[in-house]
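Right, one structure below, let's go through it.
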Protein chains: 2
Amino acid sequence: MKRFITIKDIAKELNISVSTVSRALRDTYDVNKETRDKVLEIASRLNYKPNFNATGLAKRSSHNIAVILPFITNYYFSTVITGIQEVAYEKGYNIVLYVTNDSPERELNIINNLPITSLDGLLVSIASNSDSYEHFEEIIANETPIVFFDRVTNHLETSRVIQDDYNGAFEAVEHLIENGYTKIAHIAGPASLTFTQNRLKGYLAALEKHHLEVREEWIIHSGFSQKDGVEDASFLFTGENRPDAIFAVNDRKAIGAMTYLKSNGIKIGQEVGIVGFTNDPSSEIISPSLTTIAEPAFEIGRKSCELLLRHIEKKYFQPQEIVFPGKLIVRESSVKV
Amino acid sequence: MKRFITIKDIAKELNISVSTVSRALRDTYDVNKETRDKVLEIASRLNYKPNFNATGLAKRSSHNIAVILPFITNYYFSTVITGIQEVAYEKGYNIVLYVTNDSPERELNIINNLPITSLDGLLVSIASNSDSYEHFEEIIANETPIVFFDRVTNHLETSRVIQDDYNGAFEAVEHLIENGYTKIAHIAGPASLTFTQNRLKGYLAALEKHHLEVREEWIIHSGFSQKDGVEDASFLFTGENRPDAIFAVNDRKAIGAMTYLKSNGIKIGQEVGIVGFTNDPSSEIISPSLTTIAEPAFEIGRKSCELLLRHIEKKYFQPQEIVFPGKLIVRESSVKV
DNA sequence: AGTTTCTTCGAGAACGTTTTCGCTTTTTTT
DNA sequence: AAAAAAAGCGAAAACGTTCTCGAAGAAACT
């Protein structure tokens, strides 16, 4: 059976009480410097490790935060986690990771089975087709703070951090227009997600500003995968009225569309312009290279975590919305020469 | 202050003792079916959530496992985590994530500050230049099981799961030879890592089998990034005695090398053959597409976690080494036509 | 010298469970 | 019908901390 050195062992060793040891290990006041030094010395000699279950019980707070998101196997999310992890590490928090596989059922199941009593807060990016938010409300009611990032919801009064989807999309589409494309399609994400709605709005606004017509059949909602991109492009380029440009909701779909076009002999850039969203490293590797809107994924992770920690540490802290601007990165896929 | 429903609330409600409630919530024996049903009903009505700090304290086991690895922002590691997470989810374990940024100091710091008393086990892939294993030994001495994956060490008597680096490399290089390349360079990873050693051995064995000369200057050890690949290639192709093929320790370096060759007008495949390792999705996106050895990353994650859980649950379980075979995937970068 | 204030510490309860032991009551065996 | 075994439950200790209270002594005032 495992057996670790406890505060009691230290107390016995020095013939003092556990309360004193406890104080010595944390505070500096209310304990004599000498005894404190002795405690610290013994503690490190015996290689004492605090029992987090016990401290968690006694203080009603562990130093754990849950991160719940759809996937981790893509550039965006893995980079966000890296950012989160960076500030968690600095501040001595542990990250408990849950991945929903973008399934609402699994998300629900995870939330319901969360070790909520040993979690100080939650960082979440919701699944595509979540339609109910009760499970989150319940957690909020229990005074466990939540910060949403990227995939947020307006149904809940919490802090959130996102990129500027509307303006990013607007800029992307305007860039296509300025480069002489006029028949611009949008291959979008699942309609339920706030950020696909915002990117769609940005797309529409840019068309409107430049007096270009909006065609229903040029707006396709589907999933986020490369395969979805292939299918959407195949749909767009088999009928009549083919577009001459595509704005994709993310780089993976853009890349899917590119592979479709390439294998059908359509010249990217020259004949059909393409712009993605994210700045996935693949967008630089593919040829022609992909124009895209870069998202500050790492910073979004950092900021989300900082915000959550503020909520955890200060008691009443007004929910905030933080919006990061995107940045247009022009490459080969959106220019005609 | 947060306040959750406890076992005591249920006991009070039903006028029975907490011990009975505790039993009812877990076992089926030693408690009448009727009272058990009543307890379960009240528990779900009050929305009772067990306090994991308390159970952890009382049972000396949380249901947490730590995952410690260098990065998560690449295909291989993020897929491994997804596999780990899959079985952890099935079995009701939580994953506590730590990323070392491939820094030995940070790794050490993380290990030393681990909430070890509330961790049932560890899954780790070590940092590149870790030279000391004492911190791991200490954990093992405390009877907390560790399973290493991918980046393992021979200094410790623990279970480990890896891919067959030797044979994968052998196959990759033999494939190049069979396709008519004779001057094959190897851009390798940091020399300290077991798996780069094994891939190097596989490379050497293939050369030897086919009586090709080994040239020291064609073997370069550096980091794992795309940038390292660029630099290694630039080194290989600026001097005299240029190779006509490259076997890269991973796909990112292979891709780096490809970008260098492409921008220098060297025809990949025709003039210089390239094979990578991993089967990163980028290897299919880049053109020409990259021949590679596919690693079963997801399965490695699953298996590592299963093994760890076995160690946690059975007491004395002989350390095992599990080796997954790789699979050669032939694409355009390694054929001369 | 007497009073007040600080400083340092210990006793013991509390956090929410599990677990051991033993006591009733019921059921089974003879 | 008596004896033995089993079933169901409660009291209380334990897990390793933190925290509140108060006591003892030292230091600082009058």
Side-chain angles (χ1 to χ4, degrees), chain A residues 1-40 42-43 46-64 114-120 142-143, chain B residues 1-40 42-43 46-64 114-120 142-143:
Chain A
M1 178 51 86
K2 290 195 214 178
R3 159 94 175 107
F4 291 92
I5 299 292
T6 75
I7 225 176
K8 286 184 195 171
D9 298 318
I10 301 179
K12 204 176 294 169
E13 186 87 2
L14 286 171
N15 247 315
I16 59 178
S17 76
V18 291
S19 352
T20 305
V21 177
S22 172
R23 273 186 293 250
L25 254 20
R26 290 166 298 125
D27 314 316
T28 136
Y29 69 95
D30 244 34
V31 49
N32 191 308
K33 187 172 179 332
E34 274 180 43
T35 58
R36 183 165 150 263
D37 289 345
K38 268 190 278 184
V39 168
L40 259 31
I42 298 278
L46 298 184
N47 194 21
Y48 164 76
K49 307 273 180 185
N51 184 312
F52 283 69
N53 285 136
T55 57
L57 231 205
K59 297 209 297 187
R60 269 170 236 75
S61 111
S62 56
H63 257 194
N64 298 145
L114 232 39
I116 187 70
T117 50
S118 58
L119 248 24
D120 288 355
N142 272 329
E143 297 184 42
Chain B
M1 178 50 89
K2 289 196 215 180
R3 159 92 177 106
F4 291 92
I5 299 292
T6 75
I7 226 177
K8 286 184 194 170
D9 299 318
I10 300 178
K12 203 175 295 170
E13 187 89 359
L14 286 170
N15 247 314
I16 58 178
S17 77
V18 292
S19 351
T20 305
V21 177
S22 171
R23 274 186 291 250
L25 254 19
R26 289 167 297 126
D27 313 317
T28 137
Y29 69 95
D30 244 32
V31 48
N32 190 310
K33 187 171 180 329
E34 274 179 43
T35 59
R36 183 164 150 265
D37 289 345
K38 268 191 279 185
V39 168
L40 258 33
I42 299 277
L46 297 184
N47 194 22
Y48 165 76
K49 307 273 178 184
N51 184 311
F52 282 70
N53 283 325
T55 56
L57 232 204
K59 297 208 300 190
R60 268 169 237 75
S61 108
S62 57
H63 257 194
N64 298 145
L114 233 38
I116 186 71
T117 49
S118 58
L119 248 24
D120 288 355
N142 271 330
E143 297 184 42

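Just so you know, these numbers use all the heavy atoms, side chains as well, and skip hydrogens, waters and symmetry mates. In what follows, chains carry the letters A, B, and so on, assigned in the order in which the sequence lines appear, proteins first and then strands, with residues in each chain numbered from 1.
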Problem - Separation between CG of L114(A) and CZ of F52(B), rounded to the nearest 0.5 Å - result: 9.0 Å
Exercise for the section: Identify, between N32(B) and L57(B), the residue whose nearest nucleotide on DNA chain D lies closer to the 5' end. Expected result: N32(B)
Practice task
Establish, with yes or no, whether the OP1 or OP2 oxygen of dT17(D) is under 4.0 angstrom from a side-chain nitrogen or oxygen of S22(A).
Solution key: no
Fill in the blank from the handout: Rounding to 0.5 Å, atoms OG1 (T55(A)) and CZ (R60(A)) come to a distance of 12.0 Å
Exercise for the section: Using whole Å, report how far CG of N51(A) lies from C1' of dT18(D). Expected result: 13 Å
Problem - Side-chain (S118(B)) to main-chain (G56(B)) donor-acceptor, under 3.5 angstrom - result: no
Practice task
Using a strict 4.0 Å threshold on nitrogen-to-oxygen distance, state whether D9(A) and R3(A) make a salt bridge.
Solution key: yes
Exercise for the section: Kindly say whether P50(A) contributes a backbone atom to a donor-acceptor pair with the side chain of T117(B) at under 3.5 angstrom? Expected result: yes
Practice task
Using whole Å, report how far CG of N53(B) lies from P of dT18(D).
Solution key: 13 Å
Handout entry: Euclidean distance, atom CD1 of residue I7(A) to atom C1' of dC19(D) [Å, nearest integer]
Key = 12 Å
Name the pairs: protein N/O against N/O of nucleotides 10-14 of chain D, kept only if under 3.5 Å.
| from | atom 1 | to | atom 2 | distance (Å) |
| --- | --- | --- | --- | --- |
| dG10(D) | OP2 | S17(B) | N | 2.9 |
| dG10(D) | OP2 | S17(B) | OG | 2.9 |
| dG10(D) | OP2 | T20(B) | OG1 | 2.5 |
| dG10(D) | N7 | R23(B) | NH2 | 2.9 |
| dG10(D) | O6 | R23(B) | NH1 | 3.1 |
| dA11(D) | N7 | S19(B) | OG | 3.4 |
| dA11(D) | N6 | S19(B) | OG | 3.2 |

Completion exercise
S22(B) meets the side chain to side chain donor-acceptor pair (under 3.5 Å) criterion, sequence neighbours left out, with R26(B)
Exercise for the section: May I ask you to say what T117(A) touches in the nucleic acid, namely base, sugar-phosphate or nothing, with a heavy-atom cut-off under 4.0 Å? Expected result: nothing
Exercise for the section: State whether the side chain of D120(B) and the backbone N or O of S62(B) hold a donor-acceptor pair below 3.5 Å, judged by distance alone. Expected result: yes
Exercise for the section: Starting from the C-alpha separation in whole Å, work towards a yes-or-no answer on side-chain contact (heavy atoms from CB on, under 4.5 Å) for V39(B) and L14(B). Expected result: CA-CA 8 Å; V39(B) 168; L14(B) 286 170; 3.7 Å; yes
Problem - Distance in Å, L119(A) CG paired with N64(A) CG, rounded so as to fall on 0.5 Å steps - result: 6.0 Å
Exercise for the section: Using only side-chain N and O atoms of T6(A), determine if any of them is under 4.0 Å from OP1 or OP2 of dC15(D). Expected result: no
Handout entry: Of V31(A) and A54(A), the one whose closest DNA chain C nucleotide lies more 5'
Key = V31(A)
Problem - Straight-line distance of I10(B) CD1 to K12(B) NZ, nearest 0.5 Å - result: 12.0 Å
Exercise for the section: Enter the inter-axis angle for the ends of the helix from dA1(C)-dT30(D) to dT30(C)-dA1(D) (five pairs per end, rounded to 10°). Expected result: 40°
Exercise for the section: Give the first and the last nucleotide of DNA chain C, reading 5' to 3', that has any atom under 4.0 Å from a heavy atom of chain A. Expected result: dT8(C) to dG16(C)
Fill in the blank from the handout: Applying salt bridge (Lys or Arg N to Asp or Glu O under 4.0 Å) to D30(A) and not counting sequence neighbours gives none
Just the atom pairs and distances: protein N or O near nucleotides 25-27 of chain D's N or O, under 3.5 Å.
none

Practice task
For side-chain contact (heavy atoms from CB on, under 4.5 Å), just list the numbers for I116(B) and F4(A), CA-CA rounded to whole Å, side-chain angles, deciding distance to a tenth of an Å, and then say yes or no.
Solution key: CA-CA 9 Å; I116(B) 186 71; F4(A) 291 92; 3.9 Å; yes
Problem - Between NZ on residue K38(A) and CG on residue N32(A), distance to nearest 0.5 Å - result: 8.5 Å
